[in-house]
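Structure record follows, encoded as structure tokens.
All values reported here derive from a predicted model rather than from experimental measurement.
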Amino acid sequence: MGVKEAKESAGFTKSLAFAIFTSAFGSSFLFGYNLGVMNSPQTILGLWVREINCTRNGGTPSQVEGESTDVSCSKLDVNGEGKMFENSGLNTIWVLINSMFAAGALVGALLTSVLVGRFGRKGTLFWNSITGIISAACLGLASTAGSYELLIVGRLIAGLNAGVNSGIPPLYFTEIAPASLRGALGSVHQLFITIAIWTSQILGMPYILGTSTLWPILVALSAVPAVYQMIALPFCPESPKFLFEKSGEQAARKALEKLRNTTEVDDELKELRDEYEASKDLPTVSIPSLFRDPFLRKVTLIAAGLMVCQQLSGIDAVMFYSTSIFRSAGLSATTAMFATIGMGAVNVGMTFVSVVLVEKAGRRTLLLVGYCGMSLFIALLTISNLLYSAGTPGPEFSGTPNSFAFAAFTSMICVIAFVIMFATGPGSIPWFLVAELFEQGARPAATTVAVGTNRFCSLIITLTFPLVQVALGEYTFLIFVVLLVSFIFFTHIFVIETKGKSTEQIQRELRGDKYQSAVYPTNGAIALTKI
């Protein structure tokens, strides 16, 4: 093998780059786009829902302020638009639109293990593109049909698509990448999610597609990555690990040769063979098996804990409701919109940085730094909100400026800093760290549990945050301060460093002297692949 060929096989080849981009754009990007697309046009969509309710009640939307007293038909001024979601009926519909995405994602996540076992990594991503196209159609046609129920159904299907896309792309990336790139490529999933969220925020600006007439195009654009993936994914190799188990050594060799652009794949093939021989006589690891076996139960709880930490850190609350958070902090609609877009840009930039840092600083270190920073800035956000609220003049002093007006911009800085800390480690690391903690046979079931936990926590936040925000007001984020402090202790005590360690070393460190797995004994099913 020549020097040039050897260098290429140790890093990116054209085939590997194409496979990574195709699945990242078609799945990870689609997940992120659907996650963020409802944020920027929140006011436009709220006015659209009010108009539908007005028409259904036999009314006519008023064009003049004060002309109608009907809660759905009256014309709102700028301040009214900012507070319209305080109406319980409208707020319930908006919560449904967002929560159906989280609910669908939970169902999709729970189907991951079954789908991966039946269709493989690449096959599952391919068929999942269909749900992406269907959801885009429902979302795009909701305005024409005059039905926010169709929008809710579209969000439910989009969530189903997102649930599957949550766990499979990082699993696929890990299994097709060379050992030296597995940590970095594991972060590509989160990187494309953040790029997509930012893209959806930019396109959702009122100067582009975030208008009363163009928002259906904005939400329907989610079909683009799904269609691309259906066209391009058949030209990408399946995971060699999956092919070795299902189709034999020759199929795995063919995939490896295409991915590495060389026929010198005997070392990797031997690792696959050794792992397969060591595990083929062991029982299939199902989800119940994860909890019956003492050792696997311990690791599964750590994996689920990583996802709980990520989602209950408050990031979904910030991502789903950032515009309304900025508005309630005192920013104007335009400033709030640009603040949300700025937050997305920072998220993308820091996720790029984390791709590099993860192989230098390590997984555990970045998690601890991230959660410590998040707890600090969410506490400062609470203080800023309290200051702004305290400085708001009473009705008898209407027109008097807020004595703590600076706190609105302090809140914006705290939110952006919070996102920076999240992107440093907690955003990307849990997705691929779960795969690193388990041996091959347990990964599909463990991924299902972990991603299911992630989506369940996201559903809880989506359903409860608007209600909690109304009930607690400026004190809302104190809940996340307490949670983040507990996550710091959890990570410090239970999460091990996996950077540069083989699966055997990771398993030995996780077991210690206390646990002995009945499913995977200490000397069995060891994959010697470097992570």
Side-chain angles (χ1 to χ4, degrees), residues 34-59 61-62 68-77 79-107 135 138-139 141-143 145-160 162 204 210 212 215-216 218-219 311-312 314 316-328 333 336 340 455-477 479:
N34 280 324
L35 186 65
V37 73
M38 307 301 287
N39 201 334
S40 292
Q42 178 180 349
T43 300
I44 294 295
L45 289 172
L47 293 173
W48 174 70
V49 172
R50 290 180 77 254
E51 183 177 328
I52 290 176
N53 283 334
C54 174
T55 305
R56 288 181 179 179
N57 292 332
S62 175
S68 173
T69 58
D70 188 284
V71 69
S72 297
C73 298
S74 60
K75 181 176 176 56
L76 301 176
D77 58 16
N79 290 329
E81 290 179 0
K83 296 180 179 180
M84 66 178 165
F85 287 100
E86 293 179 3
N87 175 272
S88 59
L90 182 60
N91 191 47
T92 298
I93 294 172
W94 183 249
V95 169
L96 272 175
I97 290 172
N98 280 318
S99 62
M100 284 301 101
F101 179 81
L106 175 59
V107 175
S135 69
C138 291
L139 295 170
L141 293 173
S143 178
S147 169
Y148 56 74
E149 293 85 359
L150 188 58
L151 192 69
I152 293 171
V153 171
R155 290 293 286 172
L156 178 66
I157 300 173
L160 182 67
S212 58
W215 70 260
L218 174 70
V219 294
Q311 285 302 313
L312 297 190
D316 266 8
V318 171
M319 288 299 181
F320 275 130
Y321 301 104
S322 59
T323 301
S324 61
I325 290 171
F326 289 135
R327 290 297 302 273
S328 65
T340 296
R455 295 297 89 201
F456 178 70
C457 292
S458 176
L459 176 60
I460 291 175
I461 292 294
T462 307
L463 286 172
T464 60
F465 180 75
L467 304 177
V468 172
Q469 191 177 29
V470 170
L472 299 183
E474 293 79 13
Y475 295 95
T476 300
F477 290 103
I479 297 174

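Between Gly146 and Arg56, the closest heavy-atom pair is O-NH2, 3.5 Å. Of all non-hydrogen atoms in Trp48 and Ala142, the two that sit nearest each other are CZ2-O, 3.6 Å. Heavy-atom minimum distance, Gly154 versus Ser135: O-CB, 3.5 Å. Contact record, Leu459 with Ala102: CA-CB, 3.4 Å, taken as the closest heavy-atom pair. Across all non-hydrogen atoms, the minimal contact from Leu218 to Pro41 is CD2-CG, 3.8 Å. Considering every non-hydrogen atom in both Ser143 and Trp215, the closest pair reads CB-CZ2, 3.6 Å.
Looking at heavy atoms from C-beta onward, Cys138 lies in side-chain contact with Ile157 at the 4.5 angstrom threshold.
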Let me see the working for Val219 and Met38 under side chain to side chain contact (heavy atoms under 4.5 Å, CB included), right down to the final yes or no. CA-CA 8 Å; Val219 294; Met38 307 301 287; 4.1 Å; yes

Stepwise side chain to side chain contact (heavy atoms under 4.5 Å, CB included) test for Tyr148 and Asn53: CA-CA 10 Å; Tyr148 56 74; Asn53 283 334; 3.1 Å; yes

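No donor-acceptor pair under 3.5 Å is formed between the side chain of Arg155 and the backbone N or O of Leu139.
Summarising the geometry, atom CH2 belonging to Trp94 is positioned 11.0 Å from atom CD1 belonging to Ile152; distances are rounded to the nearest 0.5 Å. Taking CG of Asn98 as the reference point, atom CD1 of Ile461 lies at 13.0 Å (rounded to 0.5 Å). To the nearest 0.5 Å, atom CG of residue Leu151 and atom CG of residue Leu96 are 11.0 Å apart.
In terms of the side-chain contact (heavy atoms from CB on, under 4.5 Å) criterion, residue partners of Phe456 (sequence neighbours excluded) are, by chain and number, Leu106, Ile460. Residues that satisfy the side chain to side chain donor-acceptor pair (under 3.5 Å) test with Ser147, not counting sequence neighbours, are Glu149.
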